[in-house]
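Residue numbers begin at 1 in each chain, while the letters A, B, ... track the order of the sequences. These values consider heavy atoms only, across backbone and side chains, with no hydrogens, waters or symmetry-generated copies.
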There are 2 protein chains.
Amino acid sequence: MSLNGLFPIEKWLFSTRSVLNMLNEQDYTFLIGRQNIEKYKKGEIVFKEGMVPSGIYYIHSGKVKKYKKGPTEKEQIIYVANKGELIGYHALLAEERHQDSAAVLEESSISFIPKEDFLEVLQRSPQFAISLLKALSHEFTVFANNISAFSDASAVERLAIALIVFREKSKIGLIEGQQIVIDISRSDLAAIVGIAKENVIRLLKEFKSEGIITTQGRKIWIQDIEKLVKRSNRN
Amino acid sequence: MSLNGLFPIEKWLFSTRSVLNMLNEQDYTFLIGRQNIEKYKKGEIVFKEGMVPSGIYYIHSGKVKKYKKGPTEKEQIIYVANKGELIGYHALLAEERHQDSAAVLEESSISFIPKEDFLEVLQRSPQFAISLLKALSHEFTVFANNISAFSDASAVERLAIALIVFREKSKIGLIEGQQIVIDISRSDLAAIVGIAKENVIRLLKEFKSEGIITTQGRKIWIQDIEKLVKRSNRN
DNA sequence: CGAAAAAAATGATAAAAGTCATTATTTGAC
DNA sequence: GTCAAATAATGACTTTTATCATTTTTTTCG
């Protein structure tokens with residue numbers, strides 16, 4: 001079941017994956033081929049807002065949330081990074097402290113790339129810089145969409161979008177034909193959508209009664225993607 | 001009256017200004033020194049969502065809003081670009097269509113930089129690319145803050161932030177000691193804050209009664225920045 | 001300057017989403 | 001497998017913000 005023509009998924013997804021693929025084998029190996037992979041358990045923190053960045057991170061497997069806490073301590077998830085993506089490069093490139101925090105959503109393998117190594121490759125490969133520029137610029141599409149959706153879309157619509165996007169992200173690494181399962185806590189889902197946890201639960205219940213999803217514990221299966229797209233109002 | 005120590009203004013502002021300043025004189029003149037400046041009247045559109053970018057724009061004077069319209073036609077302003085800034089480069093660098101629209105908020109002088117010229121300078125100056133990377137990365141700080149504020153801050157708080165930030169932007173080009181005036185329509189202010197126009201008016205009335213601002217027509221003068229900062233809850 | 005148009009302001013009402021208190025279910029560790 | 005802790009679910013109620021209809025003020029332009 002594809003989203004082609006159904007939903008503009010490309011406006012809601014991006015990936016730093018392609019950036020690395022343009023590196024030659026030597027540089028690629030230099031950056032992420034080394035065996036400094038670390039395992040993170042669910043909920044563990046990769047970096048925290050305010051920290052001075054000493055390098056960037058590459059996600060070998062798992063999912064990492066980037067989030068911010070406001071004065072009221074309410075957490076807002078800015079982005080969920082996936083297997084194959086880089087995180088932590090914004091602060092490094094901007095030469096400032098981390099402006100958001102990162103924590104893993106599920107057991108993940110992540111390797112650390114020291115600042116010096118990253119900047120070295122950046123200096124010696126102008127094409128890498130341009131490729132990064134392209135990736136960063138595309139990120140804006142997604143962010144602009146998000147900001148726009150916050151004022152234009154209702155809670156249900158944003159939840160529908162979040163489910164569609166998260167499902168897409170959960171496809172990665174799956175075998176063709178395998179059931180896609182969305183495995184995320186109600187709190188995290190609420191923090192992505194920007195609404196209260198209780199509302200997420202109530203709206204999911206609505207989706208269940210409409211036959212759009214089924215759930216079991218925290219797990220969610222999307223049964224009728226077309227109806228969900230309709231509920232998102234972005235088609 | 002400075003914001004130093006009062007309010008983290010740097011988290012809400014960025015500028016592509018510095019990017020151009022790192023260019024050598026020759027490249028600088030090549031890009032924006034030429035006499036293809038065009039005047040735009042209030043409300044005129046610079047580019048529209050969906051257009052294929054053929055170049056980028058440099059704002060010699062004036063203010064330009066970047067915005068998106070959602071399915072309900074509600075406009076959300078993503079960013080207000082100022083004198084000295086570049087716009088339209090995201091789509092160009094990402095090699096995609098414009099994902100937002102741009103229109104001038106007040107009479108502006110803008111020059112067009114053809115795609116080829118911009119990319120040429122980018123290719124021949126690796127430092128320019130890295131400088132752009134830095135600028136783009138910093139933009140994320142601002143965007144992330146925005147997204148976080150949307151879920152964490154109330155309407156009044158966001159309005160207070162918007163006024164503080166817009167006031168700061170209106171300082172540019174002013175003579176020291178000159179009164180800062182915020183000159184923006186209630187609709188545009190509402191589109192920045194992401195709330196209904198009527199609410200902007202009601203909240204401004206509240207600010208007036210608290211002695212924080214005075215107004216005359218569309219014009220707003222901030223009389224007590226400290227109280228306003230307090231209302232923003234970000235200090 | 002004065003009329004028409006645009007924008008700001010106001011008031012009443014409706015809708016959406018948040019909060020709090022509590023119960024039910026699931027998950028994870030021993 | 002059982003129990004404790006964590007998380008999901010529910011219901012009543014409050015708060016916030018949007019919407020709509022209308023009046024007043026400001027701006028624009030001949």
Side-chain angles (χ1 to χ4, degrees), chain A residues 41-44 70-76 103 105-107 149-163 181-209 213-221 231 233, chain B residues 41-44 65 70-76 103 105-107 149-160 162-163 181-209 213-221 231 233:
Chain A
K41 276 176 290 187
K42 197 187 279 190
E44 264 191 277
T72 66
E73 284 291 290
K74 186 174 173 185
E75 179 181 311
Q76 174 64 37
L105 287 177
E106 57 189 46
E107 181 156 302
F150 260 103
S151 83
D152 185 68
S154 66
V156 216
E157 289 168 344
R158 294 212 309 282
L159 179 60
I161 295 169
L163 288 175
V181 54
I182 293 173
D183 186 13
I184 187 174
S185 77
R186 300 297 176 263
S187 301
D188 281 328
L189 200 44
I192 291 174
V193 179
I195 61 178
K197 180 179 75 225
E198 293 92 330
N199 271 323
V200 166
I201 293 169
R202 271 185 274 266
L203 295 172
L204 287 177
K205 191 180 169 186
E206 226 177 282
F207 287 165
K208 272 186 269 185
S209 77
I213 62 168
T214 50
T215 69
Q216 197 188 80
R218 54 152 35 195
K219 296 201 176 77
I220 300 168
W221 291 269
R231 290 305 238 113
N233 225 293
Chain B
K41 276 176 291 186
K42 197 188 276 188
E44 266 192 275
K65 66 175 172 184
T72 66
E73 283 293 289
K74 187 175 173 183
E75 180 182 312
Q76 174 64 35
L105 286 177
E106 57 190 42
E107 180 156 301
F150 260 103
S151 83
D152 184 69
S154 66
V156 216
E157 290 169 343
R158 295 212 309 281
L159 179 60
L163 288 175
V181 54
I182 294 174
D183 186 14
I184 187 175
S185 77
R186 301 296 176 264
S187 301
D188 281 329
L189 200 45
I192 291 174
V193 180
I195 61 178
K197 181 179 73 227
E198 294 91 331
N199 271 323
V200 167
I201 293 169
R202 272 185 273 266
L203 296 171
L204 286 178
K205 191 179 168 185
E206 227 176 282
F207 287 165
K208 273 186 269 186
S209 78
I213 60 169
T214 49
T215 68
Q216 196 188 81
R218 58 159 24 197
K219 297 199 175 77
I220 300 169
W221 290 271
R231 292 303 238 112
N233 226 292

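Counting heavy atoms from C-beta on, the side chains of A:Q76 and B:D152 never come closer than 4.5 Å. The shortest side-chain heavy-atom distance between A:W221 and A:Q216 falls under the 4.5 Å cut-off. In this structure the side chain of B:L163 reaches within 4.5 angstrom of the side chain of B:F207, judged on heavy atoms. Between B:L204 and B:R186 there is a side-chain heavy-atom pair separated by less than 4.5 Å.
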Might you work through the side chain to side chain contact (heavy atoms under 4.5 Å, CB included) test for A:R218 and A:D183, ending with a clear yes or no? CA-CA 6 Å; A:R218 54 152 35 195; A:D183 186 13; 2.7 Å; yes

After noting the C-alpha distance and the side-chain angles of A:L189 and A:I220, does the key distance pass the side chain to side chain contact (heavy atoms under 4.5 Å, CB included) rule? CA-CA 11 Å; A:L189 200 44; A:I220 300 168; 4.1 Å; yes

Step by step, would you call B:D188 with B:K65 a side chain to side chain contact (heavy atoms under 4.5 Å, CB included)? CA-CA 9 Å; B:D188 281 329; B:K65 66 175 172 184; 2.9 Å; yes

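With rounding to whole Å, B:D183 atom CG is found 13 Å from C:dA7 atom P. Atom-to-atom, CD of A:E107 to P of C:dG28 comes out at 12 Å; the value is rounded to the nearest Å. Counting to the nearest Å, the C1' atom of C:dG18 and the CZ atom of A:R158 are 13 Å from each other. Following rounding to the nearest Å, A:E198 (CD) and C:dC20 (P) show an atom-to-atom distance of 9 Å. Rounded to whole Å, the distance from CD1 on A:I182 to C1' on D:dA8 is 17 Å. One atom, NZ of B:K197, and another, C1' of C:dA8, lie 9 Å apart when rounded to the nearest Å. Remark: C1' of C:dA17 and CZ of A:F150 are 13 Å apart, rounded to the nearest angstrom. Remark: C1' of C:dA17 and CG of B:D152 are 16 Å apart, rounded to the nearest angstrom.
For B:T215 and B:K208, the side-chain atoms include at least one donor-acceptor pair closer than 3.5 Å. For the residue pair B:K74 and A:S151, no side-chain donor N or O sits within less than 3.5 Å of a side-chain acceptor on the partner.
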Starting at the 5' end of nucleotides 25-30 of chain D, put B wherever the base has a protein heavy atom under 4.0 Å, S where only the sugar-phosphate does, and a dash everywhere else. -SSS--

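For the segment residues 200-209 of chain A, the set of residues with a heavy atom within less than 4.0 Å of an atom of DNA chain C comprises A:R202, in numerical order.
For A:S187, counting side-chain heavy atoms from C-beta on, the closest listed nucleotide (D:dA18, D:dA8, C:dA8) is D:dA8. Of the candidate nucleotides C:dA9, D:dA18, D:dC20, C:dA9 has the atom lying nearest to any side-chain atom of B:R186.
Comparing A:N199 and B:T215 by the nucleotide of DNA chain C whose heavy atom lies nearest to each, the residue mapping closer to the 5' end is B:T215. Residues A:K74 and B:I184 both approach DNA chain C. Their nearest nucleotides, taken by heavy-atom distance, put B:I184 toward the 5′ side.
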